[in-house]
Amino acid sequence: MKKDEPPLEFPDTLEGFEYAFNEKGQLRHIKTGEPFVFNYREDLHRWNQKRYEALGEIITKYVYELLEKECHLKKVTLPVDATESEPKSFIFMSEDALTNPDKLMVLIHGSGVVRAGQWARRLIINEDLDSGTQIPYIKRAIEVSVCVLTTINNL
């Protein structure tokens, strides 16, 4: 930490950051309605980056909630019979992903910090949920009776 740099402690909710998604799925400041500002504190790039990463983790959790609540996907730990000490990961899948022999859509997200259900965190933060998440594709697939499986994430 630099001499005059504030502590790297950040809120653990969108509300704590004073942000929320509006009806268009855009991340906006609760009080001003403005988009996310990366350079919240001038001349503190490292602090601003850590703040952005903390917000990104909250957004990942938010997207997971949307996958379960809006898309009705189920979070499944893999391997299903792993012991507590074994490495494991998880996927999200539609209820009929393992039983419907007709159609299966497998969504593979990018590399880096993006997780299941996301194309790009930057798009979620700077554009909207429809641009940055796989949710529109998942909803459309479910509408036309296609099973859905998202890619694996490390825990």
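Excluded from the calculations below are hydrogen atoms, water molecules and symmetry mates; all remaining heavy atoms, backbone and side chain alike, are included.
- Atom OG1 of Thr133 and atom CD of Glu127 lie 13.0 Å apart (nearest 0.5 Å).
- Taken from CD1 in Ile59 to CZ in Arg121, the straight-line distance is 7.5 Å, to the nearest 0.5 Å.
- Summarising the geometry, atom CG belonging to Leu14 is positioned 8.0 Å from atom CD1 belonging to Ile30; distances are rounded to the nearest 0.5 Å.
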Exercise. Could you walk me through whether Leu78 and Val80 pass side-chain contact (heavy atoms from CB on, under 4.5 Å), step by step?
Key: CA-CA 5 Å; Leu78 298 174; Val80 292; 4.2 Å; yes
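- With contacts defined as side-chain heavy-atom distances shorter than 4.5 Å, the pair Phe36/Phe17 does not qualify.
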Practice problem: Could you walk me through whether Glu68 and Lys75 pass the salt bridge (charged side-chain N to carboxylate O under 4.0 Å, His left out) test, one step at a time? | Solution: CA-CA 7 Å; Glu68 291 179 296; Lys75 184 177 179 180; over 6 Å; no
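- Side-chain contact between Gln134 and Leu67: absent, with no pair of heavy atoms (C-beta onward) separated by less than 4.5 Å.
- Side-chain rings of Phe90 and Tyr64 approach one another, their centers coming within less than 6.0 Å.
- The side-chain heavy atoms of Lys103 and Cys147, taken from C-beta on, include no pair separated by under 4.5 Å.
- Contact annotation: the side chain of Glu95 never approaches that of His72 to less than 4.5 Å [non-hydrogen atoms, C-beta and beyond].
- The side-chain heavy atoms of Asn126 and Pro35, taken from C-beta on, include no pair separated by under 4.5 Å.
- Met105 contributes atom CE, which lies 10.5 Å from atom CZ of Arg140 (distance to the nearest 0.5 angstrom).
- When atom types are taken as modelled, the side chain of Thr150 and the backbone of Phe92 share a donor-acceptor pair closer than 3.5 angstrom.
- Counting heavy atoms of neighbouring residues, nucleotides and ligands inside a 6.0 Å radius, atom CZ of Phe21 exceeds 12 of them.
- Interatomic distance, Tyr62 OH to Leu129 CG, rounded to the nearest 0.5 Å: 6.0 Å.
- Residues Leu107 and Ile135 are members of one and the same hydrophobic cluster, defined by side-chain heavy-atom contacts under 4.5 angstrom among Ile, Leu, Val, Met, Phe, Trp and Tyr.
- Between Tyr52 and Phe10, every side-chain heavy-atom pair lies at or beyond the 4.5 Å cut-off.
- Checking side-chain atoms of Trp119 against main-chain N and O of Gly132 turns up no donor-acceptor pair under 3.5 Å.
- Put simply, the side chain of Asn48 gets close to the backbone of Tyr40: a donor and an acceptor are under 3.5 Å apart.
- Between the side chains of His29 and Glu34, no donor-acceptor pair is found at a separation under 3.5 Å.
- Gln118 has its side chain within reach of Ile124: a pair of non-hydrogen atoms, C-beta onward, lies under 4.5 Å apart.
- Checked for salt-bridge contact, Glu70 and Lys139 meet the test: a charged N lies under 4.0 Å from a carboxylate O.
- Residues that satisfy the side-chain contact (heavy atoms from CB on, under 4.5 Å) test with Ile142, not counting sequence neighbours, are Leu73, Ile138, Val148.
- Taken from CD in Glu53 to CZ in Arg51, the straight-line distance is 12.5 Å, to the nearest 0.5 Å.
- Ile58 and Phe38 fall within the same hydrophobic cluster, defined by Ile, Leu, Val, Met, Phe, Trp and Tyr side-chain heavy atoms under 4.5 Å apart, directly or through other members.
- Proximity of Asp128 to Lys24: side-chain heavy atoms (C-beta onward) are nowhere separated by under 4.5 Å.
- Remark: the backbone N or O of His45 is not paired with any side-chain donor or acceptor of Asn39 at under 3.5 angstrom.
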